[in-house]
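Structure record follows, encoded as structure tokens.
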Amino acid sequence: MPELPEVETVARGLRAHIVGETLQEVLILHPTLIVKQDREHFRRQLEGATFEQVGRRAKFLLFSLGSRGVLLGHLRMTGKFIVSDPLPEPGKHHRVWLTLESGKLLIFEDMRCFGTLEWFPEVSRIPQLQALGPEPFSAEFNRAHLEGQLAHRRREIKPALLDQRLVAGIGNIYASEILFRIGVHPTRAADQLRTAELGALVQATQQVLTEAVLKNGTSISDFRRVDDKTGEFQNFLQVYDRTGQPCRQCGTSIERLVQQQRSTFYCPKCQR
DNA sequence: AGCGGAACCTGTCGGC
DNA sequence: TGCCGACAGGTTCCGC
């Protein structure tokens, strides 16, 4: 479901609701996967802790608990965080209930059970964050970085963009959108992009992601904000999920292909 | 070392 | 109507 803009939207939404709140009770409603560690340990670490900040790294949510460590969350495909008033009983796909001292309920819901929650003593000890590439808006994400990383890489550029070690936060929707903006065909070998195209790739990545964050992300089917509203960027997609529809630039039919088991959308005329 | 494929799990949709 | 396969915004592990 969510890529950088959607996760950023969730982080901002949560921040407004839960910073300063103390966790009163942790209720795990699903037996597997979601909470990746021992449930009693997880519960003990969280109960009584206070949310000091909600941040994002790549597509991970980081709930800082001050001296009580950090809660790492990942929405994967269908995960959602919802801030709610108390409920009489859990919804069908509710996986974890976190009761806050104010009486509000922080719900982690996930139909497909791919999402994860995990507690760590400190951010520096989170293995999942170790190999991540630079954030798209950081100074380290620049043309030289791409040149260095992509030299002699024969894999196709679109799957390369999904590799979180190259740059963190791009997912399947925005990878297609970014390549459309720079007129690069998704099957081009990563090491065959010209220097100017790599510069354009940096720019387009930052532009697309910035616009998507401003529109509160993309809601194709599942994604919802913390307040259950949809994002709006789906109204501005140029190629994603537009197979057979006319390219907004040249009128040619948008095409779909599969790369590494994921759909890619592109304009065969605008992208070479 | 780098890359592709399978696996994780549930639901929806289109074709027959 | 029912069944079956394809597909869904992600990451991780396992081979080659």
Side-chain angles (χ1 to χ4, degrees), chain A residues 1-11 29-37 56-61 72-81 91-96 108-118 126-133 148-179 186-191 205 208-209 212-213 215-225 230-244 256-265:
Chain A
M1 161 178 76
E3 309 178 32
L4 184 152
E6 292 75 34
V7 179
E8 182 63 31
T9 299
V10 170
L29 305 164
H30 191 276
T32 58
L33 289 171
I34 312 297
V35 174
K36 286 175 69 182
Q37 53 205 175
R56 177 196 59 76
R57 171 77 171 106
K59 301 167 195 169
F60 291 91
L61 286 162
L72 181 77
H74 201 297
L75 305 171
R76 296 290 178 98
M77 305 286 262
T78 51
K80 295 176 182 63
F81 277 103
K92 184 176 179 191
H93 301 302
H94 290 187
R95 305 308 183 193
V96 179
F108 184 69
E109 178 186 62
D110 187 8
M111 180 185 81
R112 287 175 77 177
C113 304
F114 280 0
T116 56
L117 290 177
E118 206 169 351
I126 302 179
Q128 291 94 316
L129 305 186
Q130 300 307 317
L132 290 172
Q149 292 295 308
L150 298 179
H152 315 299
R153 290 292 168 75
R154 299 167 126 198
R155 75 191 306 197
E156 298 172 335
I157 185 63
K158 195 267 190 168
L161 287 180
L162 297 182
D163 188 336
Q164 302 297 297
R165 294 169 301 184
L166 179 69
V167 50
I170 298 175
N172 206 39
I173 294 179
Y174 299 108
S176 284
E177 294 295 315
I178 289 163
L179 290 176
T187 62
R188 288 261 301 278
D191 63 358
T205 298
V208 169
L209 296 179
V213 169
K215 303 283 186 216
N216 297 301
T218 301
S219 298
I220 292 289
S221 60
D222 282 316
F223 174 66
R224 292 295 183 277
R225 293 147 69 179
T230 61
E232 301 92 45
F233 196 70
Q234 63 276 15
N235 302 318
F236 300 88
L237 295 173
Q238 303 296 304
V239 288
Y240 186 83
D241 209 21
R242 296 194 65 241
T243 311
R256 170 184 177 273
L257 61 85
V258 175
Q259 293 171 289
Q260 283 198 222
Q261 311 159 294
R262 323 280 318 268
S263 292
T264 301
F265 303 89

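By convention in this document, chain letters (A, B, ...) are assigned in the order of the sequence lines, proteins followed by strands, and residues within each chain are numbered from 1. Note that the coordinates shown come from a computational prediction; the quantities given were computed from them, not determined experimentally.
Across B:dA6 and C:dA6, the matching P atoms stand 13 Å from one another, rounded to whole Å. Nucleotides B:dG11 and C:dT11 are separated by 22 Å at their P atoms, to the nearest Å. Taking atom P in both B:dT10 and C:dT1, one finds a spacing of 26 Å when rounded to whole Å. The separation of C:dC7 from B:dG5, taken at their P atoms, amounts to 14 Å, rounded to a whole angstrom.
Partner of A:Gln128 under the side chain to side chain donor-acceptor pair (under 3.5 Å) criterion, chosen from A:Arg57, A:His74, A:Gln164, A:Glu118: A:Glu118.
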**Prompt:** Using Watson-Crick and G-U wobble pairs whose two distances are both under 3.5 Å, how do you write the pairing of DNA chain B as dot-bracket, with | for links to another strand?
**Reply:** .|||||||.|||||||
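At the heavy-atom level, A:Tyr174 lies nowhere under 4.0 Å from the strands shown. At a threshold of 4.0 angstrom between heavy atoms, the contacts of A:Arg256 are confined to the sugar-phosphate backbone, with no base atom among them. A:Ser263 comes within contact range of the sugar-phosphate backbone alone, with a heavy-atom separation under 4.0 Å but no base atom that close.
Looking at which nucleotide of DNA chain B each of A:Gln261 and A:Asp163 is closest to, the 5′-most match is held by A:Asp163. Of the two residues near DNA chain C, A:Gln128 and A:Met111, the one whose nearest nucleotide lies more 5' is A:Met111.
Under a 3.5 Å cut-off, the side chain of A:Asp110 and the backbone N or O of A:Gly115 do form a donor-acceptor pair. Of the possible donor and acceptor atoms, one in the side chain of A:Ser219 sits under 3.5 Å from a partner among the backbone N and O of A:Gly231. Without hydrogens or angle criteria, A:Glu177 side chain to A:Tyr240 main chain gives a donor-acceptor distance under 3.5 Å.
Comparing atom distances between the A:Arg153 side chain and each of B:dG4, C:dG9, B:dC3 picks out B:dC3 as nearest. Of the candidate nucleotides C:dT11, B:dG11, C:dG9, B:dG11 has the atom nearest to the side chain of A:Lys92. If you check B:dG11, C:dG9, C:dT12 against the side chain of A:Arg76, the one that comes closest is C:dT12. Nearest to the side chain of A:Lys59, among B:dA6, C:dT12, C:dG10, sits C:dG10. Of the candidates B:dG11, C:dG10, C:dG9, C:dG10 carries the atom nearest the A:Phe114 side chain, counting heavy atoms from C-beta on. Closest to the side chain of A:Phe60, from the set C:dG9, B:dG4, C:dT12, is C:dT12.
Remark: the A:Ser221 side chain and the C:dG9 base include a donor-acceptor N/O pair separated by less than 3.5 Å.
At a threshold of 4.0 Å, the pair A:Arg225-A:Glu232 counts as salt-bridged, since one of the basic side-chain nitrogens sits closer than that to a carboxylate oxygen. Between A:Arg155 and A:Asp163, at least one side-chain nitrogen of the basic residue sits less than 4.0 Å from a carboxylate oxygen of the acidic one, meeting the salt-bridge criterion.
Computed from coordinates, the A:Arg112 CZ to C:dA8 P distance equals 10 Å when rounded to whole Å. In this entry the distance linking CD of A:Glu8 with C1' of C:dG9 reads 17 Å, nearest Å. When the P atom of B:dC3 is taken as reference, atom CZ of A:Arg154 falls 10 Å away, rounded to whole Å. Following rounding to the nearest Å, A:Arg95 (CZ) and B:dC8 (P) show an atom-to-atom distance of 17 Å. Atom CD in A:Glu3 sits roughly 9 Å away from atom P in C:dT11 (whole-Å rounding). Separating the CD atom of A:Glu6 from the P atom of C:dA8 is a distance of 16 Å, rounded to the nearest angstrom. Atom CG in A:Leu166 sits roughly 14 Å away from atom C1' in B:dC3 (whole-Å rounding). Per the geometry, NZ belonging to A:Lys158 stands 16 Å off P belonging to B:dC3, to the nearest Å.
Between the side chains of A:Gln260 and A:Glu156, no donor-acceptor pair of N or O atoms lies under 3.5 Å. A donor and an acceptor atom, one from each side chain of A:Thr264 and A:Lys158, are located under 3.5 Å apart.
At least one side-chain nitrogen or oxygen of A:Arg262 sits closer than 4.0 Å to the OP1 or OP2 atom of C:dG10. The phosphate of C:dT11 has OP1 or OP2 within less than 4.0 Å of a side-chain N or O from A:His74. Residue A:His152 places none of its side-chain N or O atoms closer than 4.0 Å to OP1 or OP2 of B:dG2.
Taking 4.5 Å as the limit, every side-chain heavy atom of A:His94 sits out of range of all side-chain heavy atoms of A:Lys92.
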